[in-house]
There are 2 protein chains.
Amino acid sequence: MSDIFKALADPTRRKVLELLRQRPMTAGELASHFPVSRPTMSAHFAVLREADLIDAFKIGTTITYQLKLSVLEDALLGFARLFGAGTDEQATTDAAVTNQIRKGTSE
Amino acid sequence: MSDIFKALADPTRRKVLELLRQRPMTAGELASHFPVSRPTMSAHFAVLREADLIDAFKIGTTITYQLKLSVLEDALLGFARLFGAGTDEQATTDAAVTNQIRKGTSE
DNA sequence: TCGATATTTAGCTAAGTATCGAAATATAGT
DNA sequence: ACTATATTTCGATACTTAGCTAAATATCGA
């Protein structure tokens with residue numbers, strides 16, 4: 001859980017996740033959105049991988065990253081739970097948060 | 001936003017927020033729940049104050065901290081929005097997330 | 001095999017963070 | 001005024017992080 005919040009604590013990494021929400025992208029494609037060096041971006045990807053927030057697929061020489069939405073969901077939801085556990089509106093809320101995050105992705 | 005996630009990235013600080021969810025507590029009372037020194041706890045409180053996640057009230061020689069639930073709500077919600085903005089189920093979801101976090105606090 | 005391309009690893013620096021013990025501050029009670 | 005209590009500030013140390021350039025790795029195409 002700390003790993004996830006640590007990953008989210010950097011604006012560059014949050015933006016990477018946002019970009020990946022739209023569609024999977026290669027490391028280079030992602031990097032081109034930011035004013036930092038490729039190695040720096042690579043380090044950010046490593047942090048996101050470490051937090052299990054993205055998956056990497058290597059095809060030839062390029063690596064495509066994909067958002068692991070369910071992990072992000074579970075983390076935010078799990079945390080929100082600490083602040084509202086044990087209510088009978090739990091199920092409804094869970095679905096709502098999930099929909100909020102997934103919007104347009106799953107329905 | 002980075003400040004909030006940075007604050008949440010530390011387990012001690014998350015636990016402090018959890019404790020404060022039940023009721024406001026003094027610095028000493030909070031500190032007694034953790035195996036670290038008072039100065040260290042004071043630093044954690046400063047981070048949480050900096051992130052605007054808690055309020056401090058001084059009464060005599062003791063300082064009572066109180067959770068600013070709405071700030072936490074807005075942060076999580078604002079972030080979730082990035083991953084699901086522009087949907088018409090927005091209003092419903094907002095209320096649901098709010099309820100999730102506030103559970104038993106506001107109704 | 002050679003050169004170009006995509007990405008990561010290595011090695012570094014500067015800046016930030018968590019922790020501590022000791023000292024400072026502020027207030028209360030005697 | 002003095003002492004005890006609650007909390008923070010100070011100064012130091014150890015560790016982590018974000019960023020860079022240069023070099024390594026891997027794959028593709030000629």
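Residue numbers begin at 1 in each chain, while the letters A, B, ... track the order of the sequences.
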Exercise. Start at the 5' end of DNA chain D and walk down; is the nucleotide closest to A/Thr12 or to B/Arg49 reached first?
Worked result: B/Arg49
For this session: Report the relative orientation of the aromatic rings in A/Tyr65 and A/Phe45; use parallel for angles under 30°, tilted for 30 to 60°, perpendicular for over 60°.
Result: tilted
Exercise. Are the charged groups of B/Glu50 and B/Lys6 less than 4.0 angstrom apart, N to O?
Worked result: no
For this session: May I ask you to test the A/His44-A/Val16 pair for a side-chain heavy-atom distance under 4.5 Å?
Result: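 The answer is no; the side chains never approach within 4.5 Å.
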Length of the [atom1]-[atom2] vector between [X] and [N], whole Å:
X       : N      : atom1 : atom2 : value
A/Phe45 : C/dT9  : CZ    : C1'   : 15 Å
A/Leu48 : D/dA18 : CG    : P     : 10 Å
B/Asp10 : D/dT17 : CG    : C1'   : 15 Å
A/Glu50 : C/dT8  : CD    : C1'   : 15 Å

Problem set entry | Distance, nearest 0.5 Å, that separates OG1 of A/Thr26 from CD1 of A/Ile59 | 10.0 Å
For this session: Assign a letter to each nucleotide of nucleotides 20-25 of chain C from its 5' end: B, base within under 4.0 Å of a protein heavy atom; S, sugar-phosphate only; -, no contact.
Result: BBB---
For this session: Give the minimum heavy-atom separation between B/Ala56 and B/Arg49, together with the two atoms involved.
Result: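 Closest heavy-atom pair between B/Ala56 and B/Arg49: CB-CD, 4.2 Å.
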Exercise. A/Met25 and A/Leu20: which non-hydrogen atoms are nearest, and at how many Å?
Worked result: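 For A/Met25 and A/Leu20, the tightest heavy-atom pair comes out as N-CD2, 3.6 Å.
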For this session: Could you go through the side-chain contact (heavy atoms from CB on, under 4.5 Å) check for A/Glu29 and A/Thr64 one step at a time?
Result: CA-CA 9 Å; A/Glu29 194 175 3; A/Thr64 297; over 6 Å; no
Exercise. What residues in residues 53-68 of chain A put a non-hydrogen atom under 4.0 Å from any atom of DNA chain C?
Worked result: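 Residues of residues 53-68 of chain A that come under 4.0 Å of DNA chain C are, in numerical order, A/Thr61, A/Thr62, A/Ile63, A/Tyr65.
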Problem set entry | In one Ile/Leu/Val/Met/Phe/Trp/Tyr side-chain cluster, 4.5 Å: B/Leu72, B/Phe79 | yes
Exercise. Quick one: is B/His44 getting a side-chain N or O under 4.0 Å of the C/dT19 phosphate, OP1 or OP2?
Worked result: yes
